[in-house]
Amino acid sequence: MLANIGIPVLILLFLRNVLMKGLEEERPETSHHLTVKRIIGTALAVFALGAVLGLIAKYADGSALGLIGSGLGFWIAAASLLAAWSRTPMAAGLHVLVFFSAMLSAYYLYSMILFGFFPKSQFIYWGSIALLSPVCGYTVWFSRGAGWLAAFCAAMPISLLIGEGYSFIYTYSIPKGFVLLLAVFLWIVLPKNHFQRIRVIPLTAVILFFIEQFGLLSILAG
């Protein structure tokens with residue numbers, strides 16, 4: 001029994017190591033010697049950004065801006081940019097976690113303080129998603145590399161944005177249209193050159209197909 005469990009685990013570990021090696025070859029880390037003060041300062045800046053955006057999203061609840069803030073698209077795009085321009089993949093994971101933790105705390109504390117309402121189940125659900133976000137941030141950091149694996153890392157957030165925003169085609173919803181614009185923006189800025197952008201297109205189509213088939217956006221939205 002233990003052997004049957006151990007073999008798949010070993011295979012998964014092997015595949016993980018191969019994948020990470022491939023990603024590191026496509027966007028290798030450069031040596032950075034940052035002081036503790038610089039690391040803490042950057043984390044605090046990211047925390048402040050997340051908190052401010054969370055407050056704005058809650059304050060604008062009910063408006064077009066509030067609808068943008070209550071959807072997944074804007075936050076996926078913001079976290080992707082934050083991760084891609086971090087200094088290292090580990091820093092990308094940390095920054096995304098800090099960003100979402102601050103945003104969620106500010107968003108729900110605003111509701112509790114002003115309205116005396118705290119949706120515990122929603123906070124726990126989104127908090128759980130935030131705890132998984134460092135893996136996504138770590139992966140998206142490699143989207144600025146070269147090659148098919150880097151293109152795949154860029155295609156993941158882009159496909160999620162298209163999946164959320166494509167209904168603009170028949171609803172003409174301003175928030176959905178904004179999400180589609182964010183998808184185009186990520187397609188322009190995440191890949192490092194036009195060859196990478198071409199690689200991203202078919203991968204985005206494939207990922208989007210699976211997102212639609214399995215209803216992943218509905219699952220994420222709770």
Visitor: When rounded to the nearest 0.5 angstrom, what is the spacing between CG in L65 and CD1 in I174?
Guide: 11.5 Å

Visitor: Enter the distance from L97:CG to L132:CG here, rounded to the nearest 0.5 Å.
Guide: 10.0 Å

Visitor: Walk me through it: do V96 and Y138 pass the test side-chain contact (heavy atoms from CB on, under 4.5 Å)?
Guide: CA-CA 9 Å; V96 170; Y138 186 99; over 6 Å; no

Visitor: Tell me the closest heavy-atom pair linking A154 and V200, and the distance in Å.
Guide: CB-CG2, 4.0 Å

Visitor: Would L131 and F99 show up in the same hydrophobic cluster when neighbours are defined by side-chain heavy atoms closer than 4.5 Å?
Guide: no

Visitor: Is there a side-chain contact between V179 and F168 in this structure, where contact means two heavy atoms from C-beta onward sitting under 4.5 Å apart?
Guide: no

Visitor: Counting only heavy atoms not in Y110, do more than 12 sit closer than 6.0 Å to its OH atom?
Guide: yes

Visitor: Can a donor-acceptor pair be found, under 3.5 Å and without considering hydrogens, that links the side chain of R199 to the backbone of A150?
Guide: no

Visitor: CG of L203 to CD1 of I198: how many Å apart, nearest 0.5 Å?
Guide: 12.5 Å

Visitor: Give the cluster check for L67 versus I169: same hydrophobic cluster or not, with ILVMFWY residues linked at side-chain heavy-atom distances below 4.5 Å.
Guide: no

Visitor: Mind checking the CG-CD1 spacing from L81 to I76? Nearest 0.5 Å is all I need.
Guide: 12.0 Å

Visitor: Please find the pair of heavy atoms, one from H95 and one from S86, that lie closest to each other, and give the distance.
Guide: ND1-OG, 2.9 Å

Visitor: A side-chain contact here means heavy atoms from C-beta on lying under 4.5 Å apart; do I207 and F152 qualify?
Guide: yes

Visitor: Honestly curious: do I188 and L181 fall in one hydrophobic cluster under the side-chain, below-4.5 Å linking rule?
Guide: no

Visitor: Which heavy atom in I162 sits nearest to a heavy atom in A183, and how many Å separate them?
Guide: CG1-CB, 3.8 Å

Visitor: Nearest heavy-atom pair of L190 and S80: which atoms, and what distance?
Guide: CD2-O, 4.4 Å

Visitor: Quick one: does E164's side chain have a donor or acceptor within less than 3.5 Å of a partner on G71's backbone?
Guide: no

Visitor: State whether the side chain of W187 and the backbone N or O of R197 hold a donor-acceptor pair below 3.5 Å, judged by distance alone.
Guide: yes

Visitor: Within a strict 4.5 Å, meaning less than it, do heavy atoms of the W126 and Y108 side chains meet?
Guide: yes

Visitor: Taking all non-hydrogen atoms of both residues into account, name the closest pair between P157 and L186 and its distance.
Guide: CB-CD1, 4.2 Å

Visitor: Please list, chain by chain and in numerical order, all residues satisfying side-chain contact (heavy atoms from CB on, under 4.5 Å) with K120, sequence neighbours excluded.
Guide: F118, I124

Visitor: If I take atom CG from residue L160 and atom CG from residue L220, how far apart are they, to the nearest 0.5 angstrom?
Guide: 7.0 Å

Visitor: What I'd like to find out is whether the side chain of E212 reaches to under 4.5 Å of the side chain of Y166, using heavy atoms alone.
Guide: yes

Visitor: Ignoring hydrogens and geometry, is there a side-chain-to-backbone donor-acceptor pair from S143 to V140 under 3.5 Å?
Guide: yes

Visitor: Following the transitive rule for hydrophobic clusters with a side-chain heavy-atom cut-off under 4.5 Å over Ile, Leu, Val, Met, Phe, Trp and Tyr, establish whether V184 and F178 coincide in one cluster.
Guide: yes

Visitor: Please test F74 against L53 for side-chain contact (heavy atoms from CB on, under 4.5 Å), starting from the C-alpha separation and ending with a verdict.
Guide: CA-CA 10 Å; F74 173 78; L53 290 177; 4.2 Å; yes

Visitor: Hydrophobic cluster membership, with links at side-chain heavy-atom distances under 4.5 Å among I/L/V/M/F/W/Y: are L49 and L44 in one?
Guide: no

Visitor: Do I39 and V36 touch side chain to side chain, with heavy atoms closer than 4.5 Å?
Guide: no

Visitor: Ignoring hydrogens and angles, tell me if any N or O in the side chain of Y59 forms a donor-acceptor pair with the backbone of G66 under 3.5 Å.
Guide: no

Visitor: Of all heavy-atom pairs between A83 and A92, which one has the smallest distance, and what is that distance?
Guide: O-CB, 3.4 Å

Visitor: With side-chain hydrogen bond (donor to acceptor under 3.5 Å, both in side chains) as the test, would you mind laying out the steps for K58 and S111 before giving the verdict?
Guide: CA-CA 8 Å; K58 188 59 185 177; S111 296; 3.2 Å; yes

Visitor: How about I56 and Y107: do any of their side-chain heavy atoms sit closer than 4.5 Å?
Guide: no

Visitor: Could you state the interatomic distance from CH2 (W75) to CG (L82), rounded to the nearest 0.5 Å?
Guide: 12.0 Å

